[in-house]
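Just so you know, ligand 1 is whichever comes first in the structure, and atom 1 is the first atom listed for that ligand. Just so you know, these numbers use all the heavy atoms, side chains as well, and skip hydrogens, waters and symmetry mates.
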Amino acid sequence: MSVRNTLILNPSDLKYLLIDSLRLYSDNVVFIDGNNPYRFSINKKTFYVLIKNVHESGDGRANQDECRIQISESKNFNDAMNSRTDVIVLGYFADEKVFTAWNPYLMRDRFNQKQTISLYSRFSVQKQAAISKIAAYRDTNGQSVLSFLPDYLGLYLENLSKIHLLSDAELLELVSQSDNLNTQNQDGEVDFAEGQLTITHTRYKRDPRFKTIVYDAYDNRCAMCGIQLELIEAAHIVPHSHEKGTDEIGNGISLCALHHTAYDRSLIFFDENFNILINDSKMEYLQKVGLDSGFRKFQTLAFDKIQLPTNHTLRPNTENIKLANQTRGIS
Ligand SMILES: [Zn+2]
């Protein structure tokens, strides 16, 4: 049997993995707070997500294909379970880059009986999911444990109440419909025997006036590196998807395409004193997953401080900066 789990991600890595994965599905993703479980909203629905690395189930296991995650009660977890928000338990198997999800509605009873529980799946099912995008392991109690690519985490959450009831053929159909709609930037519904499932690929359109106001305030330059060259974009400080993500100038900043993406990906940010900072924990995560090439060059591109509009009334609002860093998972 080959060695498994060469890559183990720490909780902060997994948080960024969650944010990046959800954004593949919808722009409307907000990190709210929490520390494994993390509280997120996607398409305005809120969830707690507890995420763990999937590993072998130990020396005593009868089946070499068996894998599991273990969850122990913790204050954070108990608080989440006692809230009205759905608590999702996810495993991540980095070797195949797939998530595995257990039916959350069947979990509560088990926690009432024990303080630590093991949730099982199969390595072969995760491998299959890496090929066919989604796959189900059905255990002896008939529970369906779903493994899927990160692209479908949003789809999974959006259809949480029904998705564990679907057959293999229906799961494949759902994923294929989601792919079709995503290419066309559309939303849709799919009817199954279990009921209607929804697909919402929210992609935000910007207010065109916002762009002009931001460009003018910043003299058509990137506030982080000074570049013009028609490479700039009007970025929202608090994301547009957030209820406080307004199109007002105090929530806008002019960034080049590179720094806009880097800001939205939590790689670079600025504090309330306008210092530009690299997010070290995100960098560590990218290093682990082998996506850190070009970092040194990237580091040299930005100024130490945001280049602000001379007119004070056009500058970013302090509350927005704080909230923006929080929603991007920067603590
Ligand atoms: Zn720039």
query: Are the aromatic ring centres of Tyr120 and Tyr137 under 6.0 angstrom apart?
result: no
field: Aromatic contact, Tyr263 with Phe270 (centres under 6.0 Å)
entry: yes
field: Minimum heavy-atom distance Arg39-Thr46, with the two atoms named
entry: CG-CG2, 3.6 Å
Name every donor-acceptor pair, under 3.5 Å, that has one atom in a side chain of residues 293-308 and the other anywhere in the protein, sequence neighbours excluded.
{"residue": "Thr300", "atom": "OG1", "partner": "Lys297", "partner atom": "O", "Å": "2.6"}
{"residue": "Lys305", "atom": "NZ", "partner": "Asn273", "partner atom": "O", "Å": "3.0"}
{"residue": "Gln307", "atom": "NE2", "partner": "Lys305", "partner atom": "O", "Å": "3.4"}

Aromatic plane relationship, Phe93 with Phe123 - under 30° parallel, 30 to 60° tilted, over 60° perpendicular: tilted
query: Listing residue and atom name, which protein N/O/S atoms are closer to the Zn ion (ligand 1) than 2.8 Å?
result: Cys222 SG, Cys225 SG, Cys256 SG, His259 ND1
statement: Value for OG (Ser167) from CD (Glu170), rounded to nearest 0.5 Å, stands at 3.5 Å
